[in-house]
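Everything numeric in this text was worked out from a predicted model, so none of it was measured. Positions are given from 1, in the same order as the sequence printed here. Values below: every heavy atom of this structure, side chains too, minus hydrogens, waters and symmetry copies.
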Amino acid sequence: MDTNVNIREAAQTIDALITPSLLLDRGRIERNIQRLAEHARELGVVLRPHMKTAKSIDVARHVFPGEPGPITVSTIAEAEYFAGHGFRDITYAVGMSPASAVRAMELCRRTGADVKLLLDSVEQADALAGVREATGVTPSVFIELDCDDHRGGLKPDDPKLLDVADRIVAAGANLVGVLAHAGESYGLSTPDALVKAAEDERSATVRAAETLRAHGHACPIVSLGSTPTAHFAEDLEGVTELRAGVYMFFDLVQHGVGVCRLDDIAISVLATVIGSKPEKGWVLVDAGWMALSRDRGTANQQVDQGYGVVCDEKGRVLEDVIVAQASQEHGIVAIRAGSGKSMPDLPLGARVRILPNHACAMAAQHHFYSVVDGDSPRIEARWERIRGW
C-alpha cells in the first residue's frame with residue numbers, strides 16, 4: 001500500500017498534500033479550452049484536441065462536455081485508454097511502426113474505434129498489407145507533411161508524396177488525408193511571425209492535398225496545427241481540422257512565444273521550502289527535476305525561466321524568482337540573474353507553486369492532478385492521468 005498516495009487522496013486542502021504535488025487550476029483550464037474552441041468555430045474547422053498533454057479522461061470531459069469527440073494521441077496506450085472511455089475517432093499522430101500499427105488495428109477490432117495512422121515513407125506504406133492481413137482491419141492512414149523542416153514528414157512538392165499515396169492504396173489501406181505540425185513556431189515570438197507560420201502551414205498542407213486530389217486520391221481530411229499557429233491562424237481555407245494540445249494548460253514556453261499570459265498557465269507543482277543558503281541567495285525546495293522535468297525549453301528564448309517560475313502558495317507570481325538549478329529531488333530557488341529584486345521571505349516549511357517550462361513534461365512526472373480553483377486552498381477533485389506507451 002502506498003501511504004503517500006492515500007494521504008494525498010484524503011487531502012482536502014493543499015496544505016495537507018505531501019509535496020511535490022501537481023496542481024491543476026480548474027478556472028484556468030476551462031478558460032483555455034473555451035478560447036481555442038471559439039477560435040476554431042470562427043475559422044470554420046473541426047478542433048481535434050491532442051490529449052498527449054493532459055492524458056486524463058477528466059480533462060477530456062471538460063473539452064467535450066457532451067459526447068466524446070475527435071481526439072489526437074501520441075501513444076497507443078493513450079488510444080487504448082481513451083477508447084476505453086468511449087472515444088472512437090482517434091488520430092495516432094506519431095509515425096507508425098509495423099508493431100504499433102498492428103496494436104492500433106487490434107484496438108479498432110476490439111472496440112469499434114477508428115484509429116488513424118501516420119506515415120511518410122513507402123516502406124511504412126508497404127507494411128500496411130501485413131497489418132491488414134494480421135488483424136483483419138483495413139487501416140486508415142494520413143501522410144505526414146513537413147511544412148517547416150521541424151521533424152518528420154514529406155515536403156508538399158516531394159515526388160515521393162504520390163509514390164507513398166499509391167503504395168498505401170496498393171496495400172489495401174484507406175488514404176484519409178494529410179497531416180502537418182508547424183513545430184518550428186515554438187521558436188518564434190512576434191505576432192507577425194506567428195501569423196506567417198500559420199499561413200505557411202496552411203498553404204503547404206492544402207497544396208499537398210490538392211496534388212493528391214489531382215492524381216485521383218480523395219484526401220478528405222486536411223489536418224494541421226500546433227498551439228502557436230492554432231491561436232494565430234487568421235484563415236484556414238482548404239483545411240478541415242485543427243490540432244493542438246498544450247493549449248489546455250499552457251506553459252512558460254508558450255508564454256515566451258507570446259501565446260498566453262502567465263495567469264493562463266493552468267498547472268503547477270506545489271513544493272515546500274526545506275532549507276536555505278543565504279550567503280548564495282538560495283532557497284531550497286523539495287521539487288527537483290523528478291517533479292519539474294528536465295525540460296529547459298525557455299533557455300533559448302529571450303527570457304530564460306530556469307526550471308520554472310516560482311509563485312506563492314496562492315499562485316501569485318514572485319517577480320524574478322525562478323528555480324535556477326535542479327537536481328533529482330532538490331530545486332534551488334533564486335533571483336533571476338541580472339535582476340535588482342530581492343528574495344522574498346520564504347521560511348522553512350513555506351509552500352510555493354512552480355510553473356512549468358513544458359506542461360506536457362511536468363505533468364508526465366506525476367500520477368494525478370489535485371484540482372484547485374484560483375487562490376483557494378481547497379482541493380476540489382483528484383483527476384487521474386495515464387503514463388507509459
Side-chain angles (χ1 to χ4, degrees), residues 2-34 53-59 61-62 248-252 255 260-276 283-288 290-293 305-323 326 329-333 343-357 359 362-385:
D2 188 336
T3 303
N4 289 350
V5 170
N6 288 341
I7 291 172
R8 285 188 173 103
E9 287 176 341
Q12 302 295 310
T13 59
I14 62 173
D15 61 348
L17 286 171
I18 290 175
T19 56
S21 279
L22 183 64
L23 304 181
L24 171 59
D25 188 307
R26 183 196 296 271
R28 293 185 181 189
I29 190 175
E30 290 176 348
R31 186 172 73 218
N32 297 340
I33 288 169
Q34 184 66 21
T53 301
K55 299 194 181 195
S56 165
I57 185 59
D58 294 291
V59 173
R61 286 169 178 157
H62 278 70
M248 301 172 198
F249 294 169
F250 284 128
D251 54 28
L252 294 169
H255 173 66
C260 70
R261 304 169 303 184
L262 286 178
D263 64 3
D264 292 325
I265 299 175
I267 66 166
S268 60
V269 164
L270 183 72
T272 302
V273 174
I274 57 173
S276 65
V283 169
L284 307 181
V285 296
D286 62 353
M290 283 292 286
L292 307 175
S293 89
Q305 306 285 19
Y307 286 86
V309 165
V310 181
C311 307
D312 68 11
E313 188 172 12
K314 292 182 177 292
R316 296 173 297 203
V317 173
L318 300 175
E319 190 175 357
D320 282 345
V321 181
I322 62 173
V323 180
E329 303 295 352
H330 292 77
I332 296 177
V333 173
M343 178 68 77
D345 183 28
L346 294 173
L348 182 69
R351 297 290 183 97
V352 295
R353 301 188 191 185
I354 302 167
L355 302 179
N357 271 307
M362 175 183 276
Q365 306 299 106
H366 301 265
H367 291 282
F368 61 89
Y369 307 95
S370 291
V371 181
V372 297
D373 192 8
D375 63 6
S376 171
R378 186 171 75 88
I379 297 173
E380 297 185 352
R382 170 189 160 118
W383 290 353
E384 303 291 338
R385 65 186 313 282

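- For F249, the ring pair (Phe, Tyr, Trp, His ring centres under 6.0 Å) test picks out Y369, with sequence neighbours left out.
- By the 4.5 Å heavy-atom criterion applied to side chains, H62 and V59 are not counted as neighbours.
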I would like to know whether D264 and R261 meet side-chain contact (heavy atoms from CB on, under 4.5 Å); could you show each step before the answer? CA-CA 5 Å; D264 292 325; R261 304 169 303 184; 3.2 Å; yes
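- Here F250 contributes atom CZ and T53 contributes atom OG1; the two are 10.5 Å apart, rounded to the nearest 0.5 Å.
- Residues forming a side-chain hydrogen bond (donor to acceptor under 3.5 Å, both in side chains) with D373 (at least two apart in sequence, or on another chain): none.
- Residues passing the side chain to side chain contact (heavy atoms under 4.5 Å, CB included) test with L262, sequence neighbours excluded: L252, H255, I265, V317, L355.
- The salt bridge (Lys or Arg N to Asp or Glu O under 4.0 Å) pairs that include a residue from residues 313-323 are D312-R316, E319-K341, D320-R336, where partners are two or more places apart or lie in different chains.
- Listed for the H367 side chain is no donor-acceptor partner under 3.5 Å among the backbone atoms of E384.
- Atom CZ of R26 and atom OG of S376 lie 11.5 Å apart (nearest 0.5 Å).
- Counting heavy atoms from C-beta outward, V372 and R353 have side chains that approach closer than 4.5 Å.
- Scanning for side chain to side chain contact (heavy atoms under 4.5 Å, CB included) contacts around E329 gives M290, with sequence neighbours left out.
- For the side-chain hydrogen bond (donor to acceptor under 3.5 Å, both in side chains) test, no residue two or more places apart in sequence or in another chain qualifies with R61.
- Listed by chain and residue number, D25 satisfy the salt bridge (Lys or Arg N to Asp or Glu O under 4.0 Å) test with R28 (two or more places apart in sequence, or in another chain).
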Identify each donor-acceptor pair in which a side-chain atom of residues 266-276 lies under 3.5 Å from a protein atom, sequence neighbours left out, and give them as a table.
from: T272; atom 1: OG1; to: T19; atom 2: OG1; distance (Å): 2.7
from: T272; atom 1: OG1; to: R351; atom 2: NE; distance (Å): 2.9

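- Taking the side chain to side chain contact (heavy atoms under 4.5 Å, CB included) definition, one finds that M343 meets it with V283, V321, V333, I335, L346, sequence neighbours left out.
- With sequence neighbours left out, D58 forms a salt bridge (Lys or Arg N to Asp or Glu O under 4.0 Å) with no residue at all.
- Residues that satisfy the side-chain hydrogen bond (donor to acceptor under 3.5 Å, both in side chains) test with N32, not counting sequence neighbours, are absent from this structure.
- In this structure R378 satisfies the salt bridge (Lys or Arg N to Asp or Glu O under 4.0 Å) test together with E380, sequence neighbours excluded.
- By the 4.5 Å heavy-atom criterion applied to side chains, V310 and V323 are counted as neighbours.
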